[in-house]
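What follows is a set of notes on a single structure, which appears directly below.
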Amino acid sequence: MNCSRGATRVNILQSVQGLESGTAIFNMTLILHKRNRTASQLLAAILFLLGFAYAQPVSKAITTQIDGRNAILLGTDWYPEQWPEARWEEDLRLMEAAHIKVVRIAEFAWSRMEPSENHFDFEWLERAINLAAKHGIVSVLGTPTAAPPAWLTFKYPDTLRIDEHGRRATHGIRAHGSATSPRYRESCRRIADQMVLRFGHNRNVAGWQIDNEYGYARMSFDDVTKNSFQSWLKAKYKSLDSLNEHWTTSYWSQTYDDWREIPIPGEEAEFHNPGLRLEWNRFVTDTWADYQQNQIDVIRQHADPRQFITGNFMGFFDGFDHYFISRPLTFASWDDYVGTGHLDPVGNGLTHDLVRGFKRENFWVIETQPGAVNWAGVNNFLNKGEVRVMAWQAIGHGADEVGYWQWRSALNGQEQYHGTLVGPDGTPVPLYEEVKTIGSEFAKAESALRGTTPVSEVALLNSYDSRWAIEFQRHSTKYDPVALLKTYCRFLSPLSQSIDVISPDAPLQDYKLVVAPSLNVIPDNLAQHLSEYVRNGGHLVLGPRSGMKDEFNALLPQRQPGFMADALGGRVEQYYALEKDFPVSGAWGEGQVTIWAEQLKTLVPDAEVLLQYGPSNGWLDGQPAALTHKFGKGRITYIGVVLDERLMATAAKWMVDMSGVKPVFGRVPDGVEVCRRVGGGKEVFIVINHTQERQPVRLPRPMTLVLEDGEVSAVDIPAYGVSVLADNNAK
Ligand code: GLA
């Protein structure tokens, strides 16, 4: 096993000293991503010897399930600081009646907790936590660092972010702090420290959320950040010669003779060197990881070990590498919002799978929409029943908590129109009853789901490096790497009924099929990891644009798929962005390819051509569009095109059949989703009818109804209905 994303901590100050910069450099320890193969192999070997090899047994403790609490929890975001204390009891009574078991609090309450510099007031928060506990509700404390108080930003303007155009953020918004400002870091650490000293051993505090959405990854475009980036590069590349070579800076006279000459990609980001841009995104990742660690350190120092630490992520948001940021967290959480329209079961399910893959374990949906949001184009309300479907879909994909943002809207403030569970008058809105139903169902399903997690035979690979590299240079505006991932998911998930979305350097040995739709960046060590998977019997499917770049975002001096070409027994001769569809035919039938087409070539006699182009642009006519090759005990397939829906369906069927993947439940009607959680000798199916019509579903064998009573061989699921079924024959 090798890991392309091994991390080594370097003291930034040591490297900064060599810069002779007159500007103050903030005192922080940055995590430097080192893609040094020897180092990463050594690290993997050490981890293996220590028994921390990547492969984790499925039966490990589920960290998202809190001891002494229900395994799956209903929650809400409660802001007691916005209301008179006399009101709290009624809020909590209504929450308890709705089976709400957890509140996230305080994540924007800095000005109430530190009303003036170094003066703290936690009395009110302690009373809120204690009162919630009387109603059987446990608290998760958010550190309030996404919302610095006015006294802080007024007295110390350097704590405010500067945007790409040189404008300083104004107070009154949020996420306006500067992640690289030493003073801001210090203030964040101080408030987190004071909070944990007060609540780190409070038995009614289950855990912590650091910050909120990490400033949407926005950086401050100031000298502190620039100097820090330059130091980071120096620590990574060691010499300018190395940097100049890897970035090919002889192009357009970019050659750097002094680290201080290297720019940060601000206003004109899209015109910068792809090598610089990829490193900038990694630097942004490291900056936010370090920003997070600054608070984790003090919390870990003083908190009871039973208190968890999580972060609130935004699904497919690509501002930083979520695998890296998630490492020090107990588990990952995300906020699941539909915005305009209605639940897209495939896209939303895929996003849950993505978040589950951040740490390859269950997660929390720490925020979700109570009917409607306030920030979309049209903030329509979800249909009656849809909120319940969404909640169960989250559980089906591995969530152990679903929390509604927010309980009640503040009377003033930017989010007055957002959905809530009680109205401005403090009485329940119509959705409250549906959420109450969800709460009572979660309570019923508690013992069936305790200790369970989704398990998959199929993995989709998601790589931030590859996604960034393609996004920098899409070559066709229509080429959207996330959309392609979703297309593969749409066709593969009904056939396997469970998919993991993981980082390419994760352990792969437990998967029968691994699909990487656009794995653009495949350095040598990643190629070895993938080849080893195939050699040992796995089936790897690479999609278009795979194996083109090295870790510096430089073109490989081989044709695609670069280091994987030998295993494939073939290569890409030329790629073409398409302005119109072209015909193909072969093992998967006949159809059209769209957006992207690669002209492939076999290099060995036993590489098979799966698809060939028909008459198209002359270059592609009669040429291979997809290849497959047995390699070691396994198989590698390369699909150099974006397929139309019919071809995609047959290709997906071919992939699962070829790999021995079987649907875990058996056929279900279109629009019905099957999720499966296993563990502790239990196997539970969550069958969701996403359609607005009744759907009959035959079970593969008799099962027990978890939400109702009795054993059944078939279920008739109403529109927006859910059936939770325990398989009595689970091994
Ligand atoms: C985000 C934030 C919340 C709230 C919601 C509204 O997820 O974390 O504070 O603003 O959006 O949808």
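When a ligand or atom number is given, it counts from 1 through the structure's own listing order. Worth knowing before you read on, the calculation uses all heavy atoms, side chains too, and leaves out hydrogens, waters and symmetry mates. All figures in this text were calculated on a predicted structure; none of them were measured in a lab.
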- Does Asn380 have any side-chain hydrogen bond (donor to acceptor under 3.5 Å, both in side chains) partners at least two apart in sequence or in another chain, and if so, which? none

- Message: Just checking Tyr417: does its OH atom have more than 12 heavy atoms from other residues, nucleotides or ligands closer to it than 6.0 angstrom?
- Response: no

- Go through the structure and list residues passing ring-ring contact (aromatic ring centres under 6.0 Å, His included) with Phe308, not counting sequence neighbours. Phe331, Trp364

- Salt bridge check: are Asp222 and Arg161 linked by an N-O gap of less than 4.0 Å? no

- Task: Could you note down all residue pairs passing salt bridge (Lys or Arg N to Asp or Glu O under 4.0 Å) where residues 129-149 supplies at least one of them, sequence neighbours left out?
- Result: none

Can you pull every nitrogen or oxygen pair between ligand 1 and the protein closer than 3.5 angstrom?
from, atom 1, to, atom 2, distance (Å)
ligand 1, 7 (O), Glu213, OE2, 2.8
ligand 1, 7 (O), Asp335, OD2, 2.7
ligand 1, 7 (O), Glu367, OE1, 2.5
ligand 1, 8 (O), Asn212, ND2, 2.8
ligand 1, 8 (O), Glu213, OE2, 3.3
ligand 1, 8 (O), Glu367, OE1, 3.1
ligand 1, 8 (O), Glu367, OE2, 2.7
ligand 1, 9 (O), Arg174, NH1, 2.9
ligand 1, 10 (O), Arg174, NH1, 3.4
ligand 1, 10 (O), Arg174, NH2, 2.7
ligand 1, 10 (O), Glu415, OE2, 2.3
ligand 1, 12 (O), Trp375, NE1, 2.7
ligand 1, 12 (O), His418, NE2, 2.7

- Query: Is Arg198 close to Phe120 at the side-chain level, that is, under 4.5 Å between some pair of heavy atoms?
  - Reply: no

